[in-house]
Amino acid sequence: MITKIFSTTEDDLREAGRILKNGGLVAFPTETVYGLGADALNPEAAKKVYLAKGRPSDNPMIVHIQERGEIYSLTDTVSDDVKVLMESFWPGPLTIIVKAKDIIPRVTTGGLSTVAVRMPSSEIARKVIRYSGCPIAAPSANLSGKPSPTKGSHCVDDMNGRIDGIILGPDCEVGIESTVIDMTGDSPEILRPGIITREEISLALNKEVKYDRALFEKPGEDFSPKAPGMKYKHYAPKAEMILFKGEKDKVRQAISLREKEETEKGKKVSVILFDDNRTAAHDLFMKLRQCDLDGTDLILCEALTEEGLGFSVMNRMLKSASYNVVEI
Ligand code: TXA
Ligand code: MG
């Protein structure tokens, strides 16, 4: 398959929208990461997404809309709390799980009776959705298991020849995927942390917001994460990766020492350090992909303090490192 490369001109976005409407697949930028879009109501189109990504078919997709009101075409149950979330955080990086209407094919929801809905703040994303005239199912536009794409070139690396089009837009502002909140239970529960934090959501709803247990404990045989996608090996660079946790100065010393030792053994070592959480979110996936391109054997990465956005980025770092942590 020849993948058409689009710019962000109106004409190109219109054509990308047409491809989506006709059942094709197009990767497009959002404020979080690039998405791989398909008509969410067309089971044949949705099926192709799983094939292109090599994604397990029990992993549901987020349905993207371009206006708040479009949520009513996907669900009959929009509670007052869901309305508050839509008003407070949309358009933006919050994905809300609600009960699904029957018109949504099971292939889009991974066989679940619920659906994840998000209205992105990216103008380009919203225009493509508008031009397509349909809700757009879009997982991150990476091959399954690889770090999410935060640049157009990442989509080309993973998806060229596998999908109909790629829109080369700006680098993603946030750099990690949206916060996913389940609103179908007795109380709101975060299934995947993101840049919109539990504290902010709790403040908006004026009630306690839980975290899925899988965000604190390494899921084992006795329980699994409530978001099916959180159970897979994710964000994994080719290299072995070690996270160093502890007091900043000591961690940095330990990393330099280890870097020296391993380099002397002939390994190609990459060191990843971040000065603040915003930069960490923005750059993490890009750096992991760069390590793959550089042929890195070992990545030594400084852990973040697990608060606010630091908690969300650490969720990805821990998976990238397969929970390989050295406490200093
Ligand atoms: O920022 C984002 O959310 C990006 C951009 C493209 O919008 N999309 C994204 O999609 O990260 P994806 O498919 O890579 O991750 C969606 C996550 C998965 O962990 C999936 O299992 C979970 O959301 N999810 C989707 N629908 C769900 C549902 N009905 N119940 C529970 N988890 C759900
Ligand atoms: Mg993903």
Side-chain angles (χ1 to χ4, degrees), residues 27-37 52-55 59 61-62 92-93 95 118 120-122 124-125 138-160 162-163 166-180 192-196 215 227 229-230 232-243 270-296 298-304 306 308-324:
F28 61 94
T30 82
E31 71 277 20
T32 55
V33 301
Y34 273 71
L36 174 53
K53 277 181 64 89
R55 178 182 175 109
N59 191 0
M61 296 192 272
I62 296 173
T95 295
R118 154 162 143 79
S121 62
S122 156
I124 298 167
S140 47
N142 51 285
L143 287 172
S144 196
K146 288 240 260 165
S148 295
T150 56
K151 291 173 175 288
S153 64
H154 297 160
C155 300
V156 175
D157 291 343
D158 281 17
M159 290 297 157
N160 199 16
R162 305 176 75 90
I163 59 177
I166 296 173
I167 298 173
L168 290 186
D171 294 356
C172 301
E173 219 177 288
V174 177
I176 58 170
E177 308 86 347
S178 61
T179 305
V180 176
R192 180 175 72 183
I195 193 165
I196 295 178
L215 299 178
M230 300 287 279
Y232 297 110
K233 188 169 154 69
H234 247 79
Y235 316 118
K238 288 181 195 141
E240 181 192 355
M241 176 167 166
I242 307 173
L243 276 175
S270 294
V271 170
I272 298 183
L273 310 170
F274 294 114
D275 287 327
D276 62 89
N277 291 340
R278 232 5 243 249
T279 313
H282 188 270
D283 289 355
L284 177 67
F285 292 153
M286 187 251 301
K287 293 213 169 192
L288 295 178
R289 280 178 175 265
Q290 194 56 48
C291 288
D292 279 358
L293 294 175
D294 294 346
T296 300
L298 179 65
I299 301 170
L300 307 175
C301 177
E302 180 183 30
L304 305 174
E306 289 177 80
L309 180 57
F311 177 74
S312 307
V313 181
M314 271 298 282
N315 172 267
R316 277 72 175 182
M317 282 183 172
L318 282 163
K319 288 183 194 174
S320 305
S322 300
Y323 298 87
N324 194 355

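Note that these values count all heavy atoms, side chains included, but never hydrogens, waters or copies made by symmetry.
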Heavy atoms of Asn277 and Gly310 approach each other most closely as ND2-N, 3.4 Å
- Item | side-chain contact (heavy atoms from CB on, under 4.5 Å) between Leu168 and Val156, intermediate numbers included | CA-CA 9 Å; Leu168 290 186; Val156 175; 4.0 Å; yes
*Report yes if some heavy atom in the side chain of Asn142 is under 4.5 Å from a heavy atom in the side chain of Lys53; otherwise report no.*
yes
* Ile299 side chain reached by Ile242 side chain, heavy atoms, under 4.5 Å -> no
Sequence neighbours excluded, the answer for side chain to side chain contact (heavy atoms under 4.5 Å, CB included) partners of Ala141 is Ala27, Tyr34, Leu36, Pro149, Cys155
Value for OG (Ser270) from CG (Leu298), rounded to nearest 0.5 Å, stands at 8.5 Å
| task | Using atom types as modelled and distance alone, determine if a side-chain donor or acceptor of Glu31 lies under 3.5 Å from a backbone N or O of Ser122. | result | yes
By side chain to side chain contact (heavy atoms under 4.5 Å, CB included), Asn315 pairs with (sequence neighbours left out) Pro193, Leu215, Met230, Lys319
Applied to residues 149-160, the salt bridge (Lys or Arg N to Asp or Glu O under 4.0 Å) test, sequence neighbours excluded, yields Lys146-Asp158, Lys151-Asp171, Asp158-Arg289
message = Within the 3.5 Å criterion, strictly below it, is a donor on Ser178 or Arg192 matched to an acceptor on the partner's side chain?
response = yes
Rounded to the nearest 0.5 Å, the CG atom of Leu288 sits from the CZ atom of Arg316 at a distance of 12.5 Å
Contacts of Phe311 meeting ring pair (Phe, Tyr, Trp, His ring centres under 6.0 Å) (sequence neighbours excluded), chain-then-number -> Tyr211, Phe216
One should read off an interatomic distance between Ser312 OG and Glu177 CD, to the nearest 0.5 angstrom, of 10.5 Å
*Is the closest side-chain heavy-atom distance between Met159 and Leu143 below 4.5 Å?*
yes
Looking only at heavy atoms, the pair that brings Gly152 and Ile166 closest together is O-CG2, 4.4 Å
Result for side-chain contact (heavy atoms from CB on, under 4.5 Å) between Leu284 and one of Thr279, Val313, Ile176 points to Val313
Heavy-atom nearest pair, Ile163 first then Ala52, reads CG2-CB, 3.9 Å
CE of Met286 to OG of Ser153, rounded to nearest 0.5 Å, is 10.0 Å
Sorted by chain and residue number, the side-chain hydrogen bond (donor to acceptor under 3.5 Å, both in side chains) partners of Thr30 (sequence neighbours excluded) come out as Thr32, Arg118
Output for pair (Ile195 CD1, Thr179 OG1), nearest 0.5 Å, gives 8.0 Å
Residue set satisfying salt bridge (Lys or Arg N to Asp or Glu O under 4.0 Å) with Glu306, at least two apart, ordered chain then number -> Lys245
If we only count heavy atoms from C-beta on, is the Gln290 to Phe285 side-chain gap below 4.5 Å?
-> no
So CE of Met314 and CG of Leu309: to nearest 0.5 Å the spacing works out to 12.5 Å
Short question: side chain of His282, backbone of Arg278 - any donor-acceptor pair under 3.5 Å? no
Next item on the list: List the steps and the verdict of side-chain contact (heavy atoms from CB on, under 4.5 Å) for Met241 and Cys301.
Entry: CA-CA 7 Å; Met241 176 167 166; Cys301 177; 4.0 Å; yes
- Evaluate the side-chain proximity of Ile272 to Asp283: yes if any heavy-atom separation is below 4.5 Å, no if none is. no
